[in-house]
Amino acid sequence: MEALKTPPCDVNSTENSREVFVRLANSRVNKVLSSLDILKKLSSRKSSYTQKDVLLMKKHLHAAVDEAIESFNPSSISSKKTFSLDI
């Protein structure tokens, strides 16, 4: 049986944990910002929304941001929540 060959590892391409964090954080924060830009499009005059809807979205978005930031504290416990407006 032929031994499996692993591709050569380029020493210069290995990232330390800080570099991995920075790369992933940049990517993920930019994805969130892009999603928020898409969310802003709902505010067009063609959309039908109430101030109550806006306040509920704001409440849930603030809670999600707070929870994400809090997760960086070592003692935090995360719980997934979903958002839904009533018709």
Side-chain angles (χ1 to χ4, degrees):
M1 186 172 187
E2 190 176 315
L4 295 176
K5 293 182 181 180
T6 58
C9 188
D10 185 0
V11 175
N12 293 333
S13 70
T14 60
E15 294 176 299
N16 65 35
S17 62
R18 173 69 184 163
E19 291 167 333
V20 171
F21 173 80
V22 169
R23 178 175 51 82
L24 293 175
N26 287 338
S27 173
R28 292 173 187 184
V29 169
N30 283 320
K31 284 180 185 179
V32 170
L33 294 174
S34 177
S35 293
L36 289 172
D37 282 338
I38 293 168
L39 177 64
K40 286 192 294 190
K41 293 177 182 180
L42 284 175
S43 66
S44 72
R45 291 192 176 268
K46 295 176 185 176
S47 296
S48 176
Y49 58 90
T50 66
Q51 199 58 31
K52 181 181 177 184
D53 295 335
V54 174
L55 291 174
L56 281 170
M57 288 190 298
K58 181 179 177 179
K59 175 184 172 186
H60 285 296
L61 289 170
H62 277 281
V65 169
D66 290 344
E67 183 178 336
I69 298 301
E70 183 63 30
S71 72
F72 288 93
N73 291 333
S75 64
S76 68
I77 297 174
S78 174
S79 64
K80 279 203 168 197
K81 296 177 182 146
T82 58
F83 172 77
S84 177
L85 286 174
D86 295 327
I87 294 179

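Note that the numbering runs from 1 along the sequence shown for the chain.
- Across all their heavy atoms, Thr14 and Glu19 have their closest contact at O-OE1, 4.0 Å.
- Leu42 and Leu56 end up in the same hydrophobic cluster when Ile, Leu, Val, Met, Phe, Trp and Tyr side chains are linked at under 4.5 Å.
- Counting only residues at least two apart or on different chains, the ring pair (Phe, Tyr, Trp, His ring centres under 6.0 Å) pairs with a member in residues 36-60 are His60-Phe83.
- Lys41 contributes atom NZ, which lies 11.0 Å from atom CG of Leu39 (distance to the nearest 0.5 angstrom).
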Listed pairs under 3.5 Å, donor-acceptor, residues 24-36 side chains, sequence neighbours left out:
{"unit_1": "Asn26", "atom_1": "ND2", "unit_2": "Val22", "atom_2": "O", "d": "3.2"}
{"unit_1": "Asn30", "atom_1": "ND2", "unit_2": "Asn26", "atom_2": "O", "d": "2.9"}
{"unit_1": "Ser35", "atom_1": "OG", "unit_2": "Lys31", "atom_2": "O", "d": "3.1"}

